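Below you'll find the structure, written out as C-alpha cells, and then a few comments.
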Amino acid sequence: MTNGYTARDRGWHPPALTPLYKTSVARSPRFAPIGAATSLSEETGPVFGHHLLGPKDNDLITNFAAPGEMAIGPRIVVQGTVRDEFGRPVPHTLVEVWQANAGGRYRHKKEGYLAPLDPNFGGCGRCITDENGFYEFRTVRPGPYPWPNGPDDWRPAHIHVSVFGHSFAQRLITQMYFEGDPMIWQCPIVGTIPSREAIETLVARLDRAGSIPMDSLCYQFDITLRGRRQTMFENRMEGM
C-alpha cells in the first residue's frame, strides 16, 4: 500500500518500443518520462453532464438506424461492473464504446477496409454506471479486419472502451476482446503485452446466464481501475 492506493506492477504493461507493432517505433519516447502533477482545473473540470445522455445512447443496434430499421449482425449484450482497486463499485461513471460493424469496417472517412458500411450502424454508444457500478450496452459483434502492420496482419474482433472519472482529464481507454477468439493470440498489438494474465483482463467471457433467448448472447467485461488486478489501459498505465 502507498498513499492509500495499491502499488502497481510496472511490468504488467508492454514496453513503449515493440518493433513487431510497427507504429510503436515512431511513437515510443526517446527520452526518460518526466512525471508532472495535474492541476486543480484538470482534476475538477470540465465535468460531463449526465443529463446529455439520450434513451438510445447505449443501444448501438438502433441508435443510428432509420425508423423501423436495425443494425446488421449477430446481436450481443455487453455488460459489466467498474470497480476500484479494492473491488468497490464505482457509480455514476461515464462509459463509452466504439467499434467496427459486423463486417469489420468503421464508419470513418479515412477507413481503408473495403468491407461494406451498414447504413443503420453508427458504431458508438455511451452510458452511466448505476449505484452498483454496473453498465450495459446492446450492439452487434464486430468483425475482424486487416491492418497495414505486417504482410497479413488482422485485428481480432474488439470493442474500444473509455471510462471517465470526475473530469475529462481522468480518462482511461482499453479494448475488449471476445472469449474463444483464436485471433487474439495472433495480434501484434496484443503480443506487446508481456503477461498472459494481463491479456486475459481484456477478454470478455461469454455469459449464457445474461443472454436473451432467441435474441442476443451476453458477454461480461468487468473493469478494474488500478491496483494489482487492474484492467490493461492503453493511455494511462497507472490507472485512474
Side-chain angles (χ1 to χ4, degrees), residues 44-84 89-111 116-143 145 157-178 202 204-207 210-212 215-225 231 233-236 240:
T44 59
V47 178
F48 178 80
H50 293 184
H51 65 282
L52 297 177
L53 267 72
K56 291 187 176 182
D57 278 12
N58 72 331
D59 187 349
L60 283 69
I61 293 175
T62 62
N63 66 10
F64 194 81
E69 301 292 335
M70 291 182 287
I72 296 170
R75 296 151 69 91
I76 61 172
V77 172
V78 176
Q79 60 182 214
T81 303
V82 180
R83 299 187 177 96
D84 68 12
V90 181
H92 314 307
T93 295
L94 176 65
V95 180
E96 295 182 318
V97 296
W98 63 100
Q99 63 172 90
N101 66 21
R105 182 168 177 176
Y106 287 98
R107 183 173 291 278
H108 192 282
K109 65 181 180 180
K110 293 187 177 180
E111 171 64 88
L117 279 174
D118 179 350
N120 294 302
F121 186 71
C124 57
R126 58 187 180 176
C127 71
I128 299 289
T129 59
D130 68 10
E131 295 292 338
N132 299 310
F134 177 79
Y135 74 91
E136 182 176 82
F137 291 91
R138 194 168 76 125
T139 186
V140 296
R141 178 162 171 157
Y145 58 84
H158 63 279
I159 297 177
H160 299 268
V161 181
S162 164
V163 181
F164 276 106
H166 299 297
S167 71
F168 280 2
Q170 296 177 324
R171 187 188 188 196
L172 299 174
I173 301 171
T174 189
Q175 297 183 30
M176 183 203 95
Y177 302 97
F178 293 87
L202 305 179
R205 63 177 179 84
L206 179 64
D207 180 11
S211 298
I212 304 172
D215 188 288
S216 306
L217 288 174
C218 179
Y219 286 88
Q220 188 80 17
F221 185 61
D222 295 325
I223 299 169
T224 302
L225 297 182
T231 303
F233 298 113
E234 58 196 59
N235 67 317
R236 287 184 67 171
M240 195 73 80

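Note that the structure is predicted; figures quoted are calculated from it, not measured. Below, each value reflects all heavy atoms present in this structure, side chains not excepted, and no hydrogens, waters or symmetry copies.
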Min side-chain heavy-atom separation Gln175-Leu202 under 4.5 Å: no

Whether Asp222 side chain and Thr81 backbone form a donor-acceptor pair below 3.5 Å: yes

Parallel, tilted or perpendicular: rings of His160 and Trp98 (30°, 60°): parallel

Close side-chain approach of Leu206 and Tyr219, heavy atoms under 4.5 Å: yes

Heavy-atom pair of closest approach, residues Asp130 and Asn132: OD1-N, 2.8 Å

Polar side-chain atom of Ser162 near backbone of Arg171 as donor-acceptor pair, under 3.5 Å: no

Atom pair CG (Leu53) and CG (Asn58), whose distance is rounded to the nearest 0.5 Å: 8.0 Å

Side chain Thr224, main chain Arg83, donor-acceptor under 3.5 Å: no

From Tyr135, Phe134, Phe137, residue fulfilling side-chain contact (heavy atoms from CB on, under 4.5 Å) relative to Gln79: Phe134

His158 and Tyr177 aromatic ring geometry - parallel, tilted or perpendicular at 30°/60° bounds: tilted

Test side-chain contact (heavy atoms from CB on, under 4.5 Å) applied to Val78 and Ile159, step by step: CA-CA 10 Å; Val78 176; Ile159 297 177; 4.1 Å; yes

Closest approach of Gly143 to Ala100 (non-hydrogen atoms, all atoms of both residues): O-CB, 4.5 Å

For the student: nearest non-hydrogen atoms of Phe178 and Ala157, plus distance: CD1-O, 3.6 Å

Separation of Thr129 OG1 from Phe164 CZ (nearest 0.5 Å): 13.5 Å

Distance (rounded to the nearest 0.5 Å) between Cys124 SG and Leu60 CG: 6.5 Å

Heavy-atom pair of closest approach, residues Thr139 and Ile61: O-CD1, 3.5 Å

Pairwise distance SG(Cys218) to CD1(Ile212) - rounded to 0.5 angstrom: 8.0 Å

Test item: Asn120 side-chain N/O and Ala66 main-chain N/O as donor-acceptor pair under 3.5 Å: yes

Leu225 side, atom CG; Thr93 side, atom OG1 - distance, nearest 0.5 Å: 7.0 Å

Exercise: identify the closest heavy-atom pair between Lys56 and Asn63: O-CB, 3.1 Å

Least distance between heavy atoms, Ala71 atom then Phe121 atom: CB-CD1, 3.6 Å

Derivation of the side-chain contact (heavy atoms from CB on, under 4.5 Å) call for Glu136 and Val77: CA-CA 7 Å; Glu136 182 176 82; Val77 172; 3.7 Å; yes

Side-chain heavy atoms of His92 within contact of Glu131, under 4.5 Å: yes

Donor-acceptor pair, side chain of Thr62 and main chain of Met70, under 3.5 angstrom: no

From Arg107 atom CZ to Asp118 atom CG, the distance as rounded to the nearest 0.5 Å: 7.0 Å

